Every structure is written in C-alpha cells, then in structure tokens.
Amino acid sequence: MQLPIPDGFFYLRPDRSTGCGDSGHYLSYHGGRDGDTLLICHETEPLSANANPLCRILCFCSQSSRQVTDEESQSNPDVHSTVYLYSVTKISVNAHVEGLCNAQEFLTKYFEYQANRYAPSDSTGKKKRVMVEVAFGTAWYGMNH
C-alpha cells in the first residue's frame, strides 16, 4: 500500500517543469492543437527508448473550464469562480507512476497543483481555491463527459 501524496510534493523547478518530491522525477506539460501531452522525466535514469530516453509520455489530456454553480459557491465560500476540467486518456486505471503512486491519484493531485499555482486572492489577500474535476478514459472533456 502506498502513502497518499503529501502537500508540497509538486513544486516548480527553475526550468519551469514540475518536480515530484525528491524522487528525481519531473513533469513536462506540452500543449498542442489536438490535445495536450504530459511527459514524466527523470534527471538521470532512462525511462524509455525514445529520442530522449529520460522522458516518456505519461498521458494525453485536454483542459476545459466551467463556472462554479450556486450550490458549489455557497458550500465553499473560498472557492474561485472557475472550475478547471481535465480529461485524461492513455493510462491504465490501476497503473502506478514510476513507483511513485497510483496514476489516477497522481494525476488528480498534479492537476490540482497546476490549477491552484496561480489562483487569485480575495480582497483580504486570502488565496482562492480552484476546484478541479478530472475524468479518466476520455480524450475530450467537453465532448464525451
């Protein structure tokens, strides 16, 4: 049994990629016309036989957004007005990410980190929390979910 991902596990590296604790792994998110690609890389260990053996594709995904409903806003007064929606395909439901943890938990926590990294503050200076919804198994959130 693996432990849950702790707060502060993901962090911004100087090269603008996302570090994963002290594991030597980092994530690189690339946007594209037909969807986005999330790569997992390691500083020194080969992960694939690709042109860059230190990196491999973790998943394909897409991002969308919607407005917070009145019910969500009332039950979470510190929530931001936009909810970020992520759709993920090309991972196995029970897959583990390079021995770090369950893939779905890992990706959900990563997308929460990404969405909240630049969250705005309210008038008192308290940072608003951005809600995130992640759908697994479909490539385009708005069309299939």
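On a predicted model such as this, the values are computed, not experimentally measured, just so you know.
Looking at residues two or more places apart in sequence or on another chain, you find a salt bridge (charged side-chain N to carboxylate O under 4.0 Å, His left out) between K109 and D7. Taking R13 as the reference, D15, E43 meet the salt bridge (charged side-chain N to carboxylate O under 4.0 Å, His left out) condition, with sequence neighbours excluded. Under the ring-ring contact (aromatic ring centres under 6.0 Å, His included) criterion, F111 pairs with Y86, sequence neighbours left out. Listed by chain and number, the residues in a ring-ring contact (aromatic ring centres under 6.0 Å, His included) with H80 amount to none (sequence neighbours excluded). By the side-chain hydrogen bond (donor to acceptor under 3.5 Å, both in side chains) test, N50 is found to be paired with S48, residues two or more places apart in sequence or in another chain being considered. Listed by chain and residue number, Q114 satisfy the side-chain hydrogen bond (donor to acceptor under 3.5 Å, both in side chains) test with R117 (two or more places apart in sequence, or in another chain). For the side chain to side chain contact (heavy atoms under 4.5 Å, CB included) test, no residue two or more places apart in sequence or in another chain qualifies with S75. In terms of the salt bridge (charged side-chain N to carboxylate O under 4.0 Å, His left out) criterion, D22 has no residue partners (sequence neighbours excluded). Residues satisfying the side-chain hydrogen bond (donor to acceptor under 3.5 Å, both in side chains) test with S121, not counting sequence neighbours, are none. In terms of the side-chain hydrogen bond (donor to acceptor under 3.5 Å, both in side chains) criterion, residue partners of R56 (sequence neighbours excluded) are, by chain and number, E98.
Side chains of L27 and F106 form a contact here, defined as non-hydrogen atoms less than 4.5 Å apart.
From I57, atom CD1 reaches atom CD1 of I40 across 12.5 Å, with rounding to the nearest 0.5 Å. To the nearest 0.5 angstrom, I5 atom CD1 is 5.0 Å from F10 atom CZ. Once rounded to the nearest 0.5 Å, the distance linking CG of N76 with CZ of R129 reads 5.0 Å. Rounding to the nearest 0.5 Å gives a distance of 9.0 Å between CG of N52 and CG of L47. Rounded to the nearest 0.5 Å, atoms CG (L85) and SG (C61) are 13.0 Å apart.
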Discussion item. Walk me through whether L38 and L107 qualify under side chain to side chain contact (heavy atoms under 4.5 Å, CB included).
Written reply: CA-CA 10 Å; L38 181 61; L107 291 170; 3.5 Å; yes
Worksheet item: Taking it one step at a time, do Q67 and T82 satisfy side chain to side chain contact (heavy atoms under 4.5 Å, CB included)?
Response: CA-CA 5 Å; Q67 293 300 306; T82 302; 3.8 Å; yes
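Taking each heavy atom of L54 and P46 in turn, the nearest pair found is CD2-N, 3.8 Å. What you find for V134 and V132 is that their closest heavy atoms are CG2-CG1, 3.8 Å. Summarising the geometry of A119 relative to V130, their closest heavy-atom pair is CB-CG2, 3.8 Å, with the distance given to 0.1 Å.
The stretch residues 19-39 participates, sequence neighbours left out, in these ring-ring contact (aromatic ring centres under 6.0 Å, His included) pairs: H25-H42. Applying the salt bridge (charged side-chain N to carboxylate O under 4.0 Å, His left out) test to pairs two or more places apart or on separate chains, those with a residue in residues 59-79 are R66-E72, R66-E133.
Following chains of ILVMFWY side-chain contacts shorter than 4.5 Å, one cannot reach Y11 starting from F9, and the two form parts of different hydrophobic clusters.
More than 12 heavy atoms of other shown residues, nucleotides or ligands fall within 6.0 angstrom of atom OH in Y113.
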